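For reference, the structure is listed below as C-alpha cells.
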Amino acid sequence: METESEPYVRLASLRQLHQVMADMNTARSLADTLQTVADGVVTALGYELACVNLVRADGDLVVAAFAGNPAAEALITGRVGSRESWERRLTMGEHWGDLVFIPHTEGWILDDDDVPQWYTDGPAPRFEDEWHPSDRLFAPMYTPSVPGGSGGSGGELIGVLSVDRPRNGRRPGAWGREALQMYAFQAAIAISNARLRANMQRALVRLEREQQALRASEESFRQAFEYAPSGMAIAEMGGDQHGRILRTNDALCRLLGRPASAMRRYSFSDLVHPEDIGTLLRTSAEGGRAELRLGRRDGTYLWVSLRNSVVADAADGPRFLLTHVEDIEERKRRELQLAHRASHDSLTGLPNSAELRSRLSSRLCRRPAHAALDEAFASHDAAFGHAVPDLSDHGFDYRPEPVESYDGYDHHVHTVAPEEGHDDGTKGLAVLFCDLDGFKSINDRFGHNAGDAVLIEVARRLSRGVRDGDTVARLGGDEFVILADGLGRADAQDLAVRLRNEIIQPIRAEGRAVRVGASFGIGWAHCGMTADEVLKSADERMYVEKRSRPKQHRRAG
C-alpha cells in the first residue's frame, strides 16, 4: 500500500493484509505470533522497520520481535525499556486515535531514556508530510474491552508496536493510520490468544506430568502393597461399614489361610479373637499399633502386630485405614515361654512361689484402717457399754460410716472362711499346705535324680486330683500348696485325704519303687490377711497335723 494514494487501495493489498492477520492467529507459539506481527507490519502495511515491545510480568516492556533490518534486530532484540519511559512516550506527541506520533521536533528529549531505539538524524523535511528519520510512531496494543469491538485503549496494555520509515517516505494518512490501528487491535487479540494457548499448553504439560507422577506413585504403591513380604489390607473408615476389608495382599491371605475373595466379606472385628476386640477398636479409631490375635481359616488364632494408618483418597475425599499385619507368633511364643519360666517351677512345671503369692493376693483385699477402728470401738462398746468416743479433740478426724461403705472394691468379691468347729455351709478359699514325709531319705539313699522323679510324680498326682480352676503350686523343696475355692471345711478335709491317698501310692524312681507320705495343713484365706499370713497359717496347721500322727504313719513305706 506504500505507492497507493489514500482514496485508492488495491484489492491485492487488502488480501495481503487479510492473510497477515490470518497468519497471526494461526501461529503455533507465542514467539511465532510475535514475529508474525512484526513481519506483517513490513509486508502488509508498507513500513521498512517494525518492532514488537511486549509487556512483561513486572510491567516493563521487552523487545520481543523485530522485522526489516537484521543488524538492528541483533542490536535491540531482548532489550528492556522501563514502564515509566514508555508511559511518558505514550502521553506526549500527537494522538491519532489510539496511535501516538512524536515528531522529530519533540523526540529529541527521548534520546537519553532507556527505551531501545534505532533512530538516526537526517535533513529537515522538504515538504509538510515528509517522514523524518527521527520521527516516532507507536501503536499501543490493548486487550479488547468490549467483545467484538474495533480497538481502543479501554483494555489492559499488553505491548506497543513501533514502526519506522514508510516506503513512500510520507507520514501515513487517514487510511494508513486506520489500517495500523486496526492491525494493532488484531495483533493484541492474536498475542492474547497465543499467551492463553501457551498457558494452556503449560498447564496441560504440568497436568500430564502430575498425572504421570500420580500414576507412577499409584503403581509404586500397588507394587509395594501387592508384593510386600508382610500382610497389608485397606479397610473402610467411618460409617456403617467401618473396618470392612476392601483389599488385601497375597501375604495376608497366606498368613490367615483365606482367599482374597473371602477376605472381602469380613471386617477385622470378625477375625479378631474375642478377648482382643477392645484393643482392635481402639487401634482402628485412633490409628497406631497393637498386638492381638487374628483367626485363621482352620479355626486357630495367630498373634500379629497390627499397625493402622489413616490415608485419604484426595484432599477432601473419603478416608481409609491402611493396615500392616506382621506375624509375631514366634516372638509371642518365646515371650510366653519366658513368662512361664518366670512364674513356674522348672522341674515340675507347677506355678512357683511368686506366682502362688500373686494368685492368692489377687483374691484378698486389705481392710481400710478405719474399718479396723470400727471393730475395735465396737468391741469396746460391747464390753463396757460405752458409746464410741469422740476423738476429734485429740487430733483425729474420724467419722464412722456404715460397714458396707468400707468395701471400696466394687470389682472384688470378699473372701470369707467357714467357722471353725462346725460346717454351716459357708464356702471359702481353702489353702492346703502339703509337706512330703520321708522324702529326704529317698534323696540320701538313691540320689537327687530319684528325688526329682518323686517330686515330678507327686506334682502330676496333685494336679490330677484337683478340679479345673484350682491351683497346685510348688512352694520349694518338697512343699506344695493347693488353692481350692468354693469349699466348705468338710470338702477341704476330704480333698486332703484324697490327695494324701494318691501320693502314698508307690512311685517308680531310678528303676525302683519308692514311697513317700504327705502331711496336710488346711488354712483359710479371707480379706484383711496377706498372702504370707495365709500361707503361714496353713503351714502351722500342717506341722500340727504332722506332729499329731505317729512317725510310722506319716508315710506308707
Side-chain angles (χ1 to χ4, degrees), residues 1-4 6 9 13 17 20-21 24 34 37-55 61 63-69 72-73 75-77 79 81 85-111 113-142 150-153 157-188 191:
M1 293 188 293
E2 64 277 347
T3 61
E4 301 163 6
E6 287 292 333
V9 180
S13 298
L17 182 60
V20 169
M21 291 183 177
M24 285 192 302
L34 295 171
V37 169
D39 293 340
V41 173
V42 174
T43 60
L45 295 182
Y47 293 91
E48 293 184 3
L49 299 175
C51 176
V52 179
N53 301 274
L54 192 65
V55 176
L61 281 74
V63 178
F66 195 95
N69 187 325
E73 179 180 1
L75 178 65
I76 69 173
T77 300
R79 293 176 57 188
S85 297
W86 274 106
E87 294 269 353
R88 183 170 58 168
R89 287 174 178 240
L90 297 179
T91 55
M92 64 182 295
E94 301 175 18
H95 286 262
W96 300 342
D98 285 338
L99 304 180
V100 177
F101 175 72
I102 303 176
H104 66 282
T105 55
E106 300 179 18
W108 62 270
I109 65 175
L110 304 176
D111 290 342
D113 70 8
D114 60 357
V115 173
Q117 54 191 352
W118 60 90
Y119 303 107
T120 60
D121 292 330
R126 292 166 298 176
F127 40 88
E128 183 179 358
D129 62 348
E130 183 180 2
W131 184 272
H132 188 272
S134 294
D135 288 342
R136 295 171 172 85
L137 180 58
F138 305 119
M141 296 181 291
Y142 299 94
S150 60
S153 57
L157 181 71
I158 64 172
V160 178
L161 283 176
S162 301
V163 299
D164 195 18
R165 299 179 186 174
R167 288 194 178 92
N168 62 7
R170 297 178 181 275
R171 297 176 184 177
W175 164 250
R177 296 174 188 179
E178 184 71 17
L180 181 58
Q181 184 170 312
M182 292 174 57
Y183 186 85
F185 175 75
Q186 294 298 326
I191 293 172

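Everything quoted here is computed from the prediction, not taken from an experiment. Just so you know, residue 1 is the first one in the sequence shown, and it goes up from there. Side-chain atoms are counted along with the backbone in the values below, which use heavy atoms only and exclude waters and symmetry mates.
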Task: Check: Asp135 and Arg171 side chains under 4.5 Å, non-hydrogen atoms - done: yes
TODO: State the CG-CZ distance between Leu61 and Arg89, to the nearest 0.5 angstrom.
DONE: 11.0 Å
TODO: Without swapping roles, check the side chain of Glu178 against the backbone of Ala174 for a donor-acceptor pair under 3.5 Å.
DONE: no
- [ ] Please step through side-chain contact (heavy atoms from CB on, under 4.5 Å) for the pair Arg79 and Val115, ending with a clear verdict.
- [x] CA-CA 8 Å; Arg79 293 176 57 188; Val115 173; over 6 Å; no
- [ ] Quick one: closest heavy-atom pair of Ala184 and Met141, and the distance?
- [x] O-CG, 3.6 Å
Task: Side chain to side chain, Leu49 and Val42, heavy atoms closer than 4.5 Å - done: no
- [ ] Tell me, please, which residues at least two apart from Glu87 pass side-chain hydrogen bond (donor to acceptor under 3.5 Å, both in side chains).
- [x] Arg83
- [ ] Could you tell me whether the side chain of Val100 reaches within less than 4.5 Å of the side chain of Leu137, counting heavy atoms only?
- [x] no
Open item on the list: Side chains of Trp131 and Asn168 only: does a donor on one sit below 3.5 Å from an acceptor on the other?
Closed with: no
Open item on the list: Before you tell me yes or no, could you show the steps for Leu45 and Val163 under side-chain contact (heavy atoms from CB on, under 4.5 Å), namely the whole-Å CA-CA distance, both residues' side-chain angles and the distance that decides it to 0.1 Å?
Closed with: CA-CA 10 Å; Leu45 295 182; Val163 299; over 6 Å; no
Open item on the list: Would Arg136 and Asp164 count as a salt bridge (charged side-chain N to carboxylate O under 4.0 Å, His left out) here? Give the steps.
Closed with: CA-CA 7 Å; Arg136 295 171 172 85; Asp164 195 18; over 6 Å; no
Task: Side-chain heavy atoms of Leu110 within contact of Asp113, under 4.5 Å - done: yes
Task: Results of side chain to side chain contact (heavy atoms under 4.5 Å, CB included) for Glu94 - residues two or more places apart only - done: Trp96, Phe101, Pro103
- [ ] Give me the ring orientation class for Phe138 and Trp86: parallel if the planes are under 30° apart, tilted from 30 to 60°, perpendicular past 60°.
- [x] perpendicular
TODO: Kindly compute the distance separating CD1 (Ile76) from CG (Asn53), expressed to the nearest 0.5 Å.
DONE: 7.5 Å
- [ ] Could you list the residues that satisfy salt bridge (charged side-chain N to carboxylate O under 4.0 Å, His left out) with Arg170, not counting sequence neighbours?
- [x] Asp129
Open item on the list: Quick one, Cys51 and Leu161 - any side-chain contact, counting heavy atoms below 4.5 Å?
Closed with: no
- [ ] Name all residues meeting the salt bridge (charged side-chain N to carboxylate O under 4.0 Å, His left out) criterion together with Glu48; count only those two or more places apart in sequence or in a different chain, and write none if there are none.
- [x] none
Open item on the list: Among residues at least two apart in sequence or on other chains, which ones pass side-chain hydrogen bond (donor to acceptor under 3.5 Å, both in side chains) with Ser85?
Closed with: Ser82, Asp114
TODO: Measure from the side-chain N and O atoms of Tyr183 to the backbone N and O of Val37, and report whether any donor-acceptor pair falls under 3.5 Å.
DONE: yes
- [ ] Measure the CG-CZ distance between Asp39 and Phe66 for me, rounded to the nearest 0.5 Å.
- [x] 11.0 Å
Open item on the list: Between His95 (side chain only) and Gly97 (backbone N and O only), is there a donor and an acceptor less than 3.5 Å apart?
Closed with: no
Open item on the list: Using every non-hydrogen atom in the two residues, find where Ile102 and Gly93 come nearest and quote the distance to one decimal.
Closed with: CG1-CA, 4.2 Å
Task: With Asn69 via side-chain hydrogen bond (donor to acceptor under 3.5 Å, both in side chains) - residues at least two apart - done: none
Open item on the list: If I compare all heavy atoms of Ala65 with all of Leu34, which pair ends up nearest, and what's the gap?
Closed with: CB-O, 3.5 Å
TODO: State, with a plain yes or no, whether a side-chain heavy atom of Ile191 is found less than 4.5 Å away from one of Met24.
DONE: no
Task: Leu180/Tyr47 under side-chain contact (heavy atoms from CB on, under 4.5 Å): CA gap, chis, key distance, verdict - done: CA-CA 10 Å; Leu180 181 58; Tyr47 293 91; 4.1 Å; yes
Open item on the list: Test your reading of the model: is there a side-chain donor-acceptor pair from His132 to the backbone of Pro123, 3.5 Å cut-off?
Closed with: yes
